[in-house]
Amino acid sequence: MEKIYAQVIINQFNHSIDKPFNYRIPVCLIKSIQIGQRVIVPFGMGNQKIDAFVINITNFCNITEGKIKDIEQIVEETPLLTKNQIKLACWMRNYYLCTYIEAIQVMIPSGLKIEKREMISLNREILDKTKKQKWSSSFDREFLQYLFHKKTEVELEEIKKRFPVKDLKKQIKRLQQKEYIFIRKDFRTKIKDKEEKYIALSGKYKDKGEYLKEIRKGAYKQKQVLEYLEHFPCNYREFRKKLKVTSSTLKPLLEKNLIKITSKIIFRNPYENKGFKNPSVSLTKEQRFIIDEFRKLANDSSQKILIHGVTGSGKTEIYLNMIEFMLNKKKQSILLVPEISLTPQMIERVMGRFGEQVSILHSGLSNGEKYDQWKKIKQGKSNIVVGARSAIFAPLDKLGLIIIDEEHEITYKSSNNPRYHTIQIAEKRCEIENCHLVLGSATPSMESYYKGKAGKYHLYELKHRVKNIPMPKIELIDMRNELKEGNYSILSNSLKKELYFNLENKQQSILFLNRRGYSTAVSCRQCGYLEKCPHCDVSLTYHFNGKKLICHYCGYSKLAPKICPVCKSKKIKYLGTGTQKVQTIVEKEFPNAKILRMDVDTTRKKGAHQRIINSFKNQEADILIGTQMIAKGLDFPNVTLVGVIIADTSLNLPDYNSAERTFQLMTQVAGRSGRGDLLGKVIVQTYQPNHYSLIHAKNHDYTHFYNDEIAIRKEMLYPPFKEIINIVFSSENEKDLIQQCYEFYMELINHTKKVKKDLQKDIYKPVPSPVSKIKSKYRWHMIIKTSYPNEFKEILRKIYHEYLNKSQMHISIDINPTSIL
DNA sequence: AGCACGCCGACT
DNA sequence: GTCGGCGTGCTC
């Protein structure tokens, strides 16, 4: 008989088991097993049961016959992974140097993770036989008594709480060996389908009166139940609440089959009854043109398109038209947005247009809601998925189009393993599933625009705004002049003047600063002592509320000193400006103005975010002060002034793309001004008013910015001309770390020499990371800038494994990092 | 990771 | 003589 094998990926994160394992498919499972399914297999010398994903089914394998074990069981009938997803995962493993299981895990909702529980129960038979035996220790006696009283099996975690002994596991194992107790391993998923119970008359009799005849005379409560249900068969929980019945009332009714309790799977819908409406609108010439072009292209195989459209040029309407076109071809679409919680308008518009067939996936949903949305997609009930980064993995099987809005946003790059970039995943997915990719942005990333120019993407420009609203006027203020003129305030005279003007005319203003807290550093004027975090290599930020010094990396906090801890001087200096300081200064300057602040500190509570936005939208405040989070997507029609307190914060970052980031940020912040009927104004304060990124932002001139920046990238051998690989080493022991990462470096050089001549000059020596210590771990890093990433990846995977085994340091590899900080 | 196997020191 | 400490190495 033909033997059949399955190749599986073990669901356990470890680099040394990162390969497919072969298992025999037992006869009873041959009919039902499918690629992509989750199975339980015995693994390792102890044959511990573990879940795994089937990635292939074959009729031969070259593993010694005696070694092969049988698959134990199938977890779900429906495969969790499609074949295309498996293909994608394999590609991700190679490209991002992650493990198979890391790549697989980003594709399935976390609620489906399997929880392994150990259930302990007493062997009552043995206990009877040895009743009079004295237990060797008091632990045994107490423990077995505890189990005896429990009657059912008990979860190990619960026992741990009751018996907080160090070697509990060992004790339990010993008792199991003596056969006093049983241990059963139980697998279950964290999240399950939500069920709701309903109660109704059983339908036993046609005539309602017949029901009442069956109950005991004087059973007043039972009668009430029957009469109620005659008119309102309903939700069980609500019913119990309303009629205040207990189970003792219902029990006889159930026994006589007069009533029935049924359960139904409920869809956890976070957008129920929102009633969004969004009819299609007439299009501008530019919009029409792009859509027509897309329709022509879309008949061909996989096409990639980049739309560069100024803010307000109506990209969303184009997306919706493309999705509609796909629907007519019976194809599905994914629409990605940078951070869905910040762009509720997008959800409104898509759901308003397409209704029930839309699924939403983002981090704001509960695990249960996420699972239900995923299930809906999996069952083929969704033709459109709107979501953040991870929605790129949505399990649609008739995918025709992927749209990535605001494609330049860094949120599209994952900061956890696998450190994927959504655009790359999208490109790969389009290749695998033969669908189209559309990228859109007002400030495309250098990489994407370069590809557009080089003809790798079809490039389209939207140069006009839909309502022909003029762009806001941007003014650059040289803060050095302010100092010369004796203005030491963080507010320039022009900004003050404009704020006054807006207050008087009841128009709203936004002040932007990319730094939270009050002061960014605290030091002593006398001896120069600087308050630093004991666990991280950063200065502590002073926070006004609580008068605390806080580390923004690890959260360490302490009270701000009144005197210098070193020289006892009282001359403590607060350096640098954060949003809190801006707030106090603005409050002082404009005592009558109502001010709101929006940053991580004021939005920590659930719903606080939306509350601040709504409050400002309803014009309950005159000035909104905030960080990054007010820069994106928000629409306040009455805002006519945006002030950037210091543009240099992002400009001075020692990162290869800091100019690009600044240009994007300035363009975005500026876009918050003048969205209504009134003309908008933007004031950008800086110490570098001649910097090209600021000048081009001022002129709303993407093209010239691109030309300047791309020239620098070319000269400096940065992306898109070379690929960057960033290898970060971290360890608590600094000495070992330095030594080991140098060893790693040498090893890499040696391997590289063998592969290709001159390749080693792409490797830069390891240096301390810009933040050289985080959470008590020292950090060094090493950069590779190369045109041969594949060659390097192959070598890296080898040495990486080797070093993970033999050294204590942690190694993290980031392919195409968006930041090397 | 988790588990077995193996090779050494401190106990009945 | 044995229990149990952790170092090593493998997992279809």
Side-chain angles (χ1 to χ4, degrees), chain A residues 2-27 29-30 33 35-75 86 89-90 93 97-105 110 113-120 134-140 156-157 160 165-178 183-187 416-418 736 797-798 800-812:
Chain A
E2 190 187 23
K3 276 177 189 156
I4 304 226
Y5 304 97
Q7 291 194 303
V8 306
I9 301 299
I10 302 292
N11 187 12
Q12 191 162 67
F13 169 71
N14 192 283
H15 278 90
S16 47
I17 55 166
D18 178 40
K19 59 178 178 187
F21 285 88
N22 293 284
Y23 279 85
R24 187 185 292 106
I25 304 166
V27 183
L29 295 181
I30 282 181
I33 201 151
I35 289 178
Q37 262 173 342
R38 188 152 65 162
V39 292
I40 304 283
V41 294
F43 186 67
M45 286 180 265
N47 278 332
Q48 51 155 328
K49 306 290 177 280
I50 194 156
D51 56 313
F53 292 88
V54 177
I55 58 157
N56 204 3
I57 294 173
T58 52
N59 52 15
F60 73 96
C61 82
N62 51 6
I63 302 291
T64 330
E65 183 64 16
K67 265 179 136 182
I68 293 197
K69 296 174 187 173
D70 277 16
I71 287 180
E72 188 138 314
Q73 65 174 101
I74 292 168
V75 185
I86 293 170
C90 294
R93 185 184 102 104
L97 296 178
C98 64
T99 61
Y100 284 110
I101 202 66
E102 281 174 319
I104 288 171
Q105 273 173 2
S110 57
K113 241 179 224 156
I114 280 191
E115 276 186 337
K116 209 159 94 183
R117 298 187 305 169
E118 284 183 72
M119 308 300 290
I120 318 289
K134 280 179 193 164
W135 306 116
S136 52
S137 71
S138 67
F139 172 83
D140 288 12
L156 181 65
E157 290 304 308
K160 273 186 191 162
V165 216
K166 257 188 280 167
D167 56 349
L168 184 70
K169 260 202 134 169
K170 211 169 271 175
Q171 299 283 3
I172 286 177
K173 214 163 184 191
R174 186 176 47 81
L175 289 171
Q176 183 200 18
Q177 267 165 15
K178 287 189 184 169
I183 303 177
R184 187 178 67 88
K185 289 207 173 128
D186 182 55
F187 297 88
N416 309 319
N417 273 339
D736 290 356
R797 187 184 283 285
K798 265 188 235 154
Y800 181 33
H801 276 190
E802 216 176 281
Y803 269 78
L804 283 175
N805 287 334
K806 76 177 188 193
S807 76
Q808 270 71 263
M809 65 179 178
H810 181 258
I811 307 170
S812 155

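Every heavy atom of this structure was used, including side-chain atoms; hydrogens, water molecules and symmetry mates were not. In what follows, chains carry the letters A, B, and so on, assigned in the order in which the sequence lines appear, proteins first and then strands, with residues in each chain numbered from 1. In this text the structure is predicted, and so the values were computed from the model without any measurement.
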Give every pair of a protein N or O atom and an N or O atom of nucleotides 3-9 of chain C that lie under 3.5 Å apart, one pair per line with the distance.
unit_1 : atom_1 : unit_2   : atom_2 : d
C:dG5  : OP2    : A:Lys170 : NZ     : 3.0

Rounded to whole Å, how long is the line connecting atom [atom1] of [X] with atom [atom2] of [N]?
X	N	atom1	atom2	answer
A:Asn14	C:dC12	CG	P	14 Å
A:Ile40	C:dC12	CD1	C1'	16 Å
A:Ile68	C:dT11	CD1	P	12 Å
A:Phe43	C:dC10	CZ	C1'	9 Å

Not counting sequence neighbours, which residues clear side chain to side chain contact (heavy atoms under 4.5 Å, CB included) with [X]? List them please.
X	value
A:Gln73	A:Ile40
A:Asp186	A:Arg117, A:Met119, A:Arg184, A:Arg188
A:Gln7	A:Pro20, A:Asn22, A:Ile55, A:Asn56
A:Ala52	A:Val8, A:Ile10, A:Val39, A:Val41

Touch class at under 4.0 angstrom, heavy-atom based, for A:Gln12 against every strand present
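Base contact.
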Check each residue of residues 15-23 of chain A for a non-hydrogen atom within less than 4.0 Å of any atom in DNA chain C, then write out the ones that pass by number, or none.
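Under 4.0 Å from DNA chain C: A:Ser16, A:Ile17, A:Lys19, A:Phe21, A:Asn22, A:Tyr23.
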side-chain hydrogen bond (donor to acceptor under 3.5 Å, both in side chains) with [X]: which residues, sequence neighbours excluded?
X	answer
A:Lys69	A:Asn47
A:Glu102	A:Thr99
A:Gln105	A:Asn11

How would you list, by chain and number, every residue that makes a salt bridge (charged side-chain N to carboxylate O under 4.0 Å, His left out) with A:Asp51, sequence neighbours excluded?
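Applying salt bridge (charged side-chain N to carboxylate O under 4.0 Å, His left out) to A:Asp51 gives none.
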Within the structure provided, determine whether A:Phe187 and A:Val75 are in side-chain contact (heavy-atom separation under 4.5 Å).
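No, every pair of side-chain atoms sits at 4.5 Å or beyond.
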Sub-4.5 Å side-chain heavy-atom contact between A:Ile33 and A:Ile74:
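The answer is yes; the side chains approach within 4.5 Å.
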Interface limits on DNA chain B, where chain A has a heavy atom under 4.0 Å of a nucleotide atom:
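Answer, 5' to 3': B:dA1 to B:dA4.
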Just to verify, what does A:Phe43 make a ring pair (Phe, Tyr, Trp, His ring centres under 6.0 Å) with, not counting sequence neighbours?
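Applying ring pair (Phe, Tyr, Trp, His ring centres under 6.0 Å) to A:Phe43 gives A:Phe21.
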